[in-house]
There are 2 protein chains.
Amino acid sequence: MAARPRTGPARPRLPDARQTMIAGAIDSLRVHGVSGTSVDRVLAATGAPRGSVYHHFPGGRTQLLGDAVSAAGGVMSELIEQLTRDNDPAQALEQFAALWRRTLRESDYRAGCPVFAIAVETTEDTPELADAATEIFARWHRALAGLLVRHDFPADRAARLATLTVAAVEGAIALSRVQRSTAPLDDAVEELRGFYATATR
Amino acid sequence: MAARPRTGPARPRLPDARQTMIAGAIDSLRVHGVSGTSVDRVLAATGAPRGSVYHHFPGGRTQLLGDAVSAAGGVMSELIEQLTRDNDPAQALEQFAALWRRTLRESDYRAGCPVFAIAVETTEDTPELADAATEIFARWHRALAGLLVRHDFPADRAARLATLTVAAVEGAIALSRVQRSTAPLDDAVEELRGFYATATR
DNA sequence: GTCTATACGAAGATAGAC
DNA sequence: GTCTATCTTCGTATAGAC
């Protein structure tokens, strides 16, 4: 990923304009999706001046979005890997769902998943985003399928069930957004957990 | 993409310019989402002239999108109601999935669900779209939950399982798009069908 | 009634002032 | 190195010609 193009020794970690813009882009991706995330919107949200974007992201809007997705995907992946390392399947799912319930409520049901935002839009001009999203989903799938295998699911069933879980949680988050209620997420997760418990292994 | 016969300078004045524009808007919603669906794009895809939009849709872009969602939602709802009337749960799901596999392949994994496109974007300027989408999802949920109840699921489990199904199918379609393969949809649906079969009633 | 021409603003990008 | 001013293109909408 893009390394710091600065010279000199250990630069102090200042509250970087670059990091701020990436955070703003992630927020916008969550709420407005890819097409809805304009440079203008990010600038308005962060208060950064216009030219700064092209100083920090020579590739312009495309690079800003790409870096935002990588950053968001990295953080979410680490979280999922931690949850799937320290819990059994039902617990991991429940903790993940709890975080999403909170995000939904705190954003007034406006914010969704920034990685999923890429999956629901075909953008001819930025195919690299699709590749990045695919990799991130694969990482989540790997973590979850591994957890299921460690809990005695056969590999093929674990793989399918991991896919179902990712699809269902992402889908339910979207339904919860439009319905302005966590009920779809709650219901989907409850059934999934029942599935984990009763599934033949 | 709307089929457009190129028969010289004079386009055949076909069924209805209005219907053609709605169809074009639906196609664009499927591929590019709400923010990505501009009037320009619909015009380019349909070959309709600029002013026609505001003649047929005095409410402009907002009305065009609203009518497109209503039309698409109506067609899809009738299909789902038919499938859930004439089949058992596993069959209905399989037939619905088969249609989506076909759509994914034929669109080269570019087209998704036009109603779901609304659920994944928060658009402050068009809240009526969210309401329309909510109603359509409710209609699908009703049809599916009813089918499950008729197949001996208790009402509360049927309701949750219907939510899980809608969320999982929509989520899996998106994953299939970005992954350019029907595998996510196939896997999610196979697990769901197993769930239908083994679930305690 | 259909379409062309255009006004007006938003958005991506760049040049150059400080 | 940061920001402002500006170019260009795209997008929504309207006026008005035919």
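In what follows, every chain begins at residue 1, and chains take the letters A, B, ... in the order their sequences are listed.
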* **Interface with DNA chain C, restricted to residues 39-51 of chain A and to heavy atoms under 4.0 Å** => A/Val39, A/Asp40, A/Arg50
* Not counting sequence neighbours, list each pair that qualifies as a salt bridge (charged side-chain N to carboxylate O under 4.0 Å, His left out) and has a residue in residues 62-85 of chain B. => B/Arg18-B/Asp67, B/Glu81-B/Arg139
* **Residue pairs, two or more places apart or on separate chains, that pass salt bridge (charged side-chain N to carboxylate O under 4.0 Å, His left out) and touch residues 118-138 of chain A** =>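 Qualifying pairs: A/Glu124-B/Arg110.
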* Donor + acceptor pair across side chains of A/Ser28, A/Thr37 (<3.5 Å) -> yes
Expressed in angstrom and rounded to an integer, what is the separation of [X] atom [atom1] from [N] atom [atom2]?
| X | N | atom1 | atom2 | value |
| --- | --- | --- | --- | --- |
| A/Arg18 | D/dG1 | CZ | P | 17 Å |
| B/His56 | D/dT12 | NE2 | P | 18 Å |
| A/Asp125 | D/dC10 | CG | P | 12 Å |
| B/Leu65 | D/dG11 | CG | C1' | 13 Å |
| A/Met21 | C/dG12 | CE | P | 14 Å |
| B/Asp16 | C/dG1 | CG | P | 14 Å |

* Asked: Does the side chain of A/Arg160 reach to within under 4.5 Å of the side chain of A/Arg157, using non-hydrogen atoms?
  ->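 Sidechains of A/Arg157 and A/Arg160: in contact.
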* Asked: In terms of side-chain heavy atoms of A/Arg61, which of D/dT2, C/dC3, C/dG12 is nearest?
  -> C/dG12
* Does a side-chain N or O from B/Tyr54 land closer than 4.0 Å to OP1 or OP2 of D/dT14, or not? ->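 B/Tyr54 to D/dT14 OP1/OP2: no side-chain N or O under 4.0 Å.
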* Any A/His55 side-chain N or O less than 4.0 Å from OP1/OP2 of D/dT2 ->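 Yes, within the criterion.
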* To do: For the pair B/Phe116 and A/Phe116, name the ring-plane relationship: parallel under 30°, tilted 30 to 60°, perpendicular over 60°.
  => perpendicular
* To do: Flag yes if more than 12 heavy atoms outside B/Arg150 fall under 6.0 Å of its CZ atom; otherwise flag no.
  =>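 Atom CZ in B/Arg150 is packed in, count exceeds 12.
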